[in-house]
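Working notes, beginning with the structure itself.
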Amino acid sequence: METVVGKTKLCLIQGDITLQDTEAIVNAANTRLLGGGGVDGAIHRAGGPKVLEECKKIRAKQDGCPTGEAVITTGGNLKARYVIHTVGPVWTGGNKGEDSLLRNAYYNSLKIARESGITSLAFPSISTGVYGFPIDRAAAIAISTVKQFIQGHHFKEVRFVLFSPEDLKVYEEALTQS
Ligand code: APR
């Protein structure tokens with residue numbers, strides 16, 4: 001599914017984020033920035049050691065990446081030139097500010113992309129795997145945050161890359177409702 005918001009193409013696809021040819025892909029990282037499973041594991045495997053090397057340099061400077069913040073590294077062996085590592089919230093029932101932390105993760109990823117002159121980027125479904133954030137709620141937050149940002153800031157393309165047909169359907173529903 002795709003639409004245009006402002007002057008930006010917003011599209012939803014099913015696929016593997018490590019295969020995307022956007023200028024940047026967003027990693028669903030953790031605060032330690034040392035890799036993990038899921039998207040994090042896939043991106044580090046496909047990106048190669050250069051990605052981890054740059055994550056370690058960031059750790060040396062600022063310890064890691066707080067939840068809701070974002071940092072940027074090389075894409076290493078990936079098609080994408082950059083990886084934007086952001087940290088979504090762990091779902092603990094919805095009363096510990098999880099919604100706004102998830103919003104921040106999308107917002108700060110877009111902000112650092114813009115500051116880096118990046119005009120096309122791909123997001124995974126942040127926090128909806130290991131971190132257990134209910135996907136329908138996460139999709140509504142993701143779509144509204146991205147739509148609001150790209151209304152005012154032009155990108156060529158922003159893409160959501162969902163790993164399963166079920167997840168794609170949830171995001172398509174959220175886009176239709178937005
Ligand atoms: N491409 C696109 N989406 C993917 C891929 C992939 N290659 N692999 C997994 N996904 C999907 C999952 O199906 C889920 O819908 O990404 C979504 C996010 O899942 P996680 O990767 O588990 O991310 P998250 O829930 O944010 O948890 C982050 O998991 O891997 C660790 O180090 C990471 O501690 C961090 C935590």
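Everything numeric in this text was worked out from a predicted model, so none of it was measured. Numbering of ligands and ligand atoms starts at 1, following listing order.
- Distances below 4.0 Å separate heavy atoms of Asp16 from the following atoms of ligand 1: 1 (N), 6 (C), 7 (N).
- With sequence neighbours left out, Arg81 forms a side-chain hydrogen bond (donor to acceptor under 3.5 Å, both in side chains) with no residue at all.
- Considering only non-hydrogen protein atoms, atom 33 (C) of ligand 1 sits nearest to Asp40 OD2, 3.5 Å.
- Within the 4.5 Å cutoff, the side chain of Ile17 has no heavy atoms near those of the Phe163 side chain.
- Set against the non-hydrogen atoms of Gly38, the atoms of ligand 1 under 4.0 Å away are 8 (N), 21 (O), 30 (O).
- Which of Asn27, Val39, Leu102 comes nearest to atom 4 (C) of ligand 1 through a heavy atom is settled by distance: it is Val39.
- When each atom of ligand 1 is checked for a heavy atom of Gly37 under 4.0 Å away, the hits are 30 (O), 31 (C).
- Counting only heavy atoms of the protein, atom 19 (O) of ligand 1 lies nearest to Gly129 CA, 3.4 Å.
- At least one N/O-N/O distance between Tyr131 and ligand 1 falls below 3.5 Å.
- Among all non-hydrogen protein atoms, the one lying nearest atom 1 (N) of ligand 1 is Ile17 N, 3.0 Å.
- Shown in contact with Asp167 at under 4.0 Å from a heavy atom are these atoms of ligand 1, numbered in order with element: 15 (O).
- Thr86 has its side chain out of reach of Tyr106: every pair of non-hydrogen atoms, C-beta onward, lies at least 4.5 Å apart.
- Close approach to Ala28 involves these atoms of ligand 1, each under 4.0 Å from a residue heavy atom: 23 (O), 26 (O), 28 (C), 33 (C).
- With hydrogens left out, the protein atom closest to atom 29 (O) of ligand 1 is Val130 CB, 3.6 Å, a heavy atom.
- Salt bridge absent: Glu53 and Lys57 never bring a charged side-chain N and a carboxylate O closer than 4.0 Å.
- Close approach of ligand 1 to Ser125 is summarised as follows: ligand atoms under 4.0 Å from at least one heavy atom of the residue are 17 (C), 18 (C).
- The closest approach between any non-hydrogen atom of Ser164 and ligand 1 is not below 4.0 Å.
- Side-chain contact between Val146 and Val5 is absent, with no heavy atoms from C-beta onward closer than 4.5 Å.
- For ligand 1, the atoms sitting less than 4.0 Å from at least one non-hydrogen atom of Thr128 are 14 (C), 15 (O), 17 (C), 25 (O), numbered in the order shown with element in parentheses.
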Worked check of salt bridge (Lys or Arg N to Asp or Glu O under 4.0 Å) between Asp21 and Arg159: CA-CA 10 Å; Asp21 59 358; Arg159 201 181 287 175; 3.3 Å; yes

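- For Asp16, the CG atom is densely surrounded, since the number of other residues' heavy atoms within 6.0 Å is greater than 12.
- Atoms of ligand 1 found under 4.0 Å from any heavy atom of Ser127 (numbered from 1 in listed order, with element): 24 (P), 25 (O), 26 (O).
- Other residues, nucleotides and ligands contribute at most 12 non-hydrogen atoms within 6.0 Å of the CD atom of Gln148.
- Here Ala138 pairs with Leu102, Thr128, Phe133 under the side chain to side chain contact (heavy atoms under 4.5 Å, CB included) rule; sequence neighbours left out.
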side-chain hydrogen bond (donor to acceptor under 3.5 Å, both in side chains) assessment of Tyr82 paired with Ser116: CA-CA 10 Å; Tyr82 302 99; Ser116 311; over 6 Å; no

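- Closest to atom 12 (C) of ligand 1, if we only count protein heavy atoms, is Phe163 CB, 4.5 Å.
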